[in-house]
Undergrad: 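Structure provided below as structure tokens; questions to follow.
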Amino acid sequence: MDSTFVRYAPSLLICSICKDYFTDPVTINCGHSFCTPCLCLLWEDAQHPTRCPVCRAVSPRMDFKSIISAEGQARAKKESVAKKLPRSARQVCWIHQALKNIFCPTDKSLLCLQCSHSPGHTTHIHCPVSQVAEHCREKLLMQMKSIWKNRQRNQRNINKEYNLLRVWQGFVNLRMVMIKAEYPKVYQYLHKEKQKHLESLAIEGKIIFHRLRRNVARMLQMGKLLKRIYEELKEMCLKADVHLLQDLGDIMKRSQLVQAHLPQPVDPQLSEWTITGMSERLNNFRVYITFDDKIRNYRVPLFEDLRRLQCCPDHQDLPHSPASPQYKPSWAAQTFTSGKYYWEVDVGNSQNWIIGLCRESWTKRHDMLLNSEGIFLLLCVNVDDHCRLFSASPPLRHYIPRPQGLVGVFLDYEFGIVSFVNVAKSSLICNFLSCSFSFPLRPFICYGPK
């Protein structure tokens, strides 16, 4: 702001950060007031706990209280101060020596009252300069809030991608271990197929890893760009009316264009590979599962536990919700204590289901969660319109396509192996290796809402 203008300004309406009139003012816990954009930018990279820039009192990061009255007072004072300024500091018509306080949107010019009635402007619609400028500032504030919201969303996406980057290579390596463990069960001539599968898996894993890194880089760059535009919008709010009206169009277009190209998180998936002869080999151990109606209505909170884990991974200590009656769990009538068995479950096109085996004692308990011991499960859950596969326990996400139709379950009790296969593709979904079974295992199925 012009120094002459600030000299006439009351200190109670001046932000102590930018030394200018309040823009979208808020009050924090200690009672001091600031512009919302100034406080957001100041606290963005501040260490915890955040403190008041004036008195250094600790204040919650976003515990703001809007002070609409201060906004109105700042606007009114600004107009009254403008009237006290020297004529040289105001827009004066050199023809009529009158204040130019009327704006013509048609040719974007400032006019005095007499000029607005001249032949060149009589057919135009005119508005008071202060009214048009205030409308423009409101639009700028809306854009600033939109930019800040998208910048925060972009930062959350960056955090998600960083978390995925940390575990991605470990998942690819674990996936390779699973694949390696499956191939010795089939004929020796499949050695070349195994090598090709593992090499392609390693290449595909690297490609997706680099995609994740590039996406993080794009998000970081977008974060800087969003911050720069946010600061430009703030500066535009502080410009004199005439410059504000003349320069508004370009910054608004750039702001909207940048927000329209916000990068999205990568949803990686590894390709499915058919393992020759796997279905034929497993069918040698085929059994047919029947269900025990006496424990068919048993309720388990696994879906709620998994959704809680996916929706708020940083708050896994939240209380667990009770199981919903929408879910239909069923326990098999058979239990297994030795041998090899294979059966298939039709999940159809469902996006919420759980299949696998559990320790027999779980049929009498009501607290089964993802980290519970003695459960060997494959879970499919729909979170935010995205289907995700997990195994438990412990919970582990699998970045492969969701199976539809028949899913096969194979148990080798003596060797401690539980495998899940996509029957239609004759491909491995996942397996539990090197388990130690010393207790009866009972097959388990649970369908969620369609």
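Every heavy atom of this structure was used, including side-chain atoms; hydrogens, water molecules and symmetry mates were not.
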Undergrad: So, T335 versus E360: side-chain donor-acceptor pair below 3.5 Å or not?
TA: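 Checked: T335/E360 side chains show no N/O donor-acceptor pair below 3.5 Å.
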
Undergrad: So how far is it from M176 CE to H197 NE2, rounded to the nearest 0.5 Å?
TA: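 Reported value, rounded in 0.5 Å steps: 9.5 Å.
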
Undergrad: Could you point out which residue of F285, Y342, W343 forms a ring pair (Phe, Tyr, Trp, His ring centres under 6.0 Å) with F336?
TA: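 Only one option passes, and that is W343.
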
Undergrad: What I want to check is whether the side chains of Q259 and S255 have a donor and an acceptor closer together than 3.5 Å.
TA: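 Note: Q259 and S255 side chains meet the donor-acceptor criterion.
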
Undergrad: Determine whether V216 and L220 make a side-chain contact, defined as any pair of heavy atoms from C-beta on separated by less than 4.5 Å.
TA: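 Heavy-atom side-chain distance check passes, below 4.5 Å.
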
Undergrad: Are any non-hydrogen side-chain atoms of I207 and F209 less than 4.5 angstrom apart?
TA: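 Not touching, per the 4.5 Å side-chain cut-off.
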
Undergrad: Could you state the interatomic distance from CD1 (I179) to CG (L428), rounded to the nearest 0.5 Å?
TA: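 Nearest 0.5 Å value for the CD1-CG distance: 4.5 Å.
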
Undergrad: Is it the case that the side chain of E193 and the backbone of T276 share a donor-acceptor pair, with hydrogens and angles ignored and the cut-off at 3.5 Å?
TA: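 Pair found, side chain donor or acceptor close to backbone of T276.
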
Undergrad: Supply the atom-to-atom distance S130 OG to D241 CG, rounded to the nearest 0.5 angstrom.
TA: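 Those atoms lie 7.5 Å apart.
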
Undergrad: List the steps and the verdict of side-chain contact (heavy atoms from CB on, under 4.5 Å) for I289 and I445.
TA: CA-CA 11 Å; I289 301 296; I445 302 173; 5.7 Å; no

Undergrad: Minimum heavy-atom separation for Q269 and I400, please, with both atom names.
TA: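 Shortest heavy-atom contact: NE2-O, 3.6 Å.
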
Undergrad: Check the pair D267 / R397 against salt bridge (Lys or Arg N to Asp or Glu O under 4.0 Å), numbers first and verdict last.
TA: CA-CA 12 Å; D267 186 16; R397 184 176 173 186; 3.3 Å; yes

Undergrad: T36 pairs by side chain to side chain contact (heavy atoms under 4.5 Å, CB included) with which of L41, V26, L141?
TA: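 So the option named by the test is V26.
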
Undergrad: Hey, can you tell me if F376 and F437 have their rings parallel, tilted or perpendicular (30° and 60° cut-offs)?
TA: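 The rings of F376 and F437 stand perpendicular, inter-plane angle above 60°.
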
Undergrad: If you count heavy atoms of other groups shown closer than 6.0 angstrom to NZ of K160, is the number above 12?
TA: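 No, because the 6.0 Å sphere around NZ of K160 holds 12 heavy atoms or fewer from other groups.
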
Undergrad: Does a sphere of radius 6.0 Å around CZ in F415 hold more than 12 heavy atoms from other residues, nucleotides or ligands, not counting ones at 6.0 Å or beyond?
TA: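 No, CZ of F415 has 12 or fewer neighbouring heavy atoms, counting only those of other groups under 6.0 Å.
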
Undergrad: For the side chain of R442 and the backbone of C358, is there at least one donor-acceptor N/O pair under 3.5 Å apart?
TA: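 Checking the backbone N and O of C358 against the side chain of R442, no donor-acceptor pair under 3.5 Å is found.
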
Undergrad: As an exercise, state the distance from CG of N349 to CD of Q404, rounded to the nearest 0.5 Å.
TA: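 Here the rounded value is 4.5 Å.
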
Undergrad: Under 3.5 Å, is there a donor-acceptor pair linking the side chains of R156 and N159?
TA: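 Not at all, the side chains of R156 and N159 share no donor-acceptor pair under 3.5 Å.
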
Undergrad: Looking at E414, I'd like to know if its CD atom is crowded, meaning that more than 12 non-hydrogen atoms belonging to other residues, nucleotides or ligands lie closer than 6.0 Å.
TA: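 Correct, the count exceeds 12.
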
